[in-house]
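See below for the structure under consideration.
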Amino acid sequence: HREPAGRWSRGPLNEYAAGSDARGRPQGRSYPRSRPEEDGEVDLYQAIKERRSVRNFKKTPVPKDLLEKIFDVALWAPSGMNRQNWKFFVLAGERKEELVSIAAVSFEYLESELQVRFADKPKIVEATRRFFKRLGGAPVVVCAYFEPANMEDVTSFQNVAAAIQNLLLVAYAEGLGSCWMTGPVTV
């Protein structure tokens with residue numbers, strides 16, 4: 001058994017200066033907002049609190065060795081019965097552009113559902129339309145899948161979700177933006 005690679009350090013839980021709401025959730029964001037590249041290391045608690053979905057990306061290519069480093073850590077996710085039945089496809093270049101074309105067309109199938117769910121928030125529908133048309137301009141797209149054991153296999157959803165969460169946190173630690181996108185799954 002080898003130790004997972006990565007730059008995670010454990011530290012004290014950041015305190016909130018603001019109070020809590022009625023359910024005990026912290027209000028306001030008073031914890032430090034340093035970027036990963038400022039000090040070279042990201043505290044796990046900090047990464048969990050500060051990682052956000054990015055929907056507009058730089059065009060800078062992501063080096064293959066950095067992607068390999070991210071996946072080396074992300075795949076240490078727990079999985080039910082240690083099945084590790086996730087599959088990841090990393091798309092860049094022409095393959096990514098093919099996926100962008102599919103996503104752009106798929107929005108028309110989601111639009112009516114989004115208009116119902118966000119009837120009072122038309123800006124969300126329009127922002128989603130723009131995102132689907134180019135997937136935020138991301139230089140790399142990662143597609144996550146799993147192989148279910150049977151039709152009622154909830155564990156597989158949980159397995160791949162844990163691996164995706166690791167992927168998002170490690171990408172953040174490496175200074176990369178990310179966005180967990182599930183919309184096309186419903187098409």
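In this text the structure is predicted, and so the values were computed from the model without any measurement.
- Counting heavy atoms from C-beta on, the side chains of L167 and I70 come closer than 4.5 Å.
- Taking a cutoff of 4.0 Å between a charged side-chain nitrogen and a carboxylate oxygen, K123 and E126 do not qualify as a salt bridge.
- Looking at heavy atoms from C-beta onward, Y172 lies out of side-chain contact with V54 at the 4.5 angstrom threshold.
- Going from atom CG of N150 over to atom OG of S156 covers 8.0 Å, rounded to the nearest 0.5 Å.
- Taking the six-membered ring where the residue is Trp, F89 and Y145 present perpendicular rings, their angle passing 60° and hence far from 30°.
- The closest donor-acceptor contact from the side chain of K96 to the backbone of A138 lies under 3.5 Å.
- For P139 against F57, the heavy-atom pair with the smallest separation is CD-CB, 4.2 Å.
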For this session: Under the side-chain contact (heavy atoms from CB on, under 4.5 Å) rule, what do V170 and R51 come out as? Steps first, then yes or no, please.
Result: CA-CA 10 Å; V170 177; R51 189 218 62 82; over 6 Å; no
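- With contacts defined as side-chain heavy-atom distances shorter than 4.5 Å, the pair T128/L110 does not qualify.
- Remark: R134 CZ to R55 CZ distance equals 13.5 Å, nearest 0.5 Å.
- Atom CD in Q84 sits 16.0 Å away from atom CZ in F146 (nearest 0.5 Å).
- Residues V62 and E174 fail the side-chain proximity criterion, which asks for heavy atoms closer than 4.5 Å.
- Smallest separation of non-hydrogen atoms from P63 and P61: CD-O, 3.6 Å.
- Other residues, nucleotides and ligands place no more than 12 heavy atoms under 6.0 Å from the CZ atom of R117.
- One finds the CG atom of L135 at 10.5 Å from the CD1 atom of I102 (value rounded to the nearest 0.5 Å).
- Side-chain contact between W180 and L168: present, with at least one pair of heavy atoms (C-beta onward) separated by less than 4.5 Å.
- Between the side chain of N159 and the backbone N or O of G80, at least one donor-acceptor pair lies under 3.5 Å.
- Atom OG of residue S53 and atom CZ of residue F131 lie 8.5 Å apart, to the nearest 0.5 angstrom.
- Contact of the L75 side chain with the W86 side chain is registered, since non-hydrogen atoms from C-beta on lie closer than 4.5 Å.
- Scanning all heavy atoms of the two residues, the minimum distance from A173 to V42 falls at CA-CG2, 3.9 Å.
- Contact check for E111 versus F132: no side-chain heavy atoms found under the 4.5 Å cut-off.
- Of all heavy-atom pairs spanning D153 and F157, the tightest one is O-CD1, 3.7 Å.
- Between I164 and F88 there is a side-chain heavy-atom pair separated by less than 4.5 Å.
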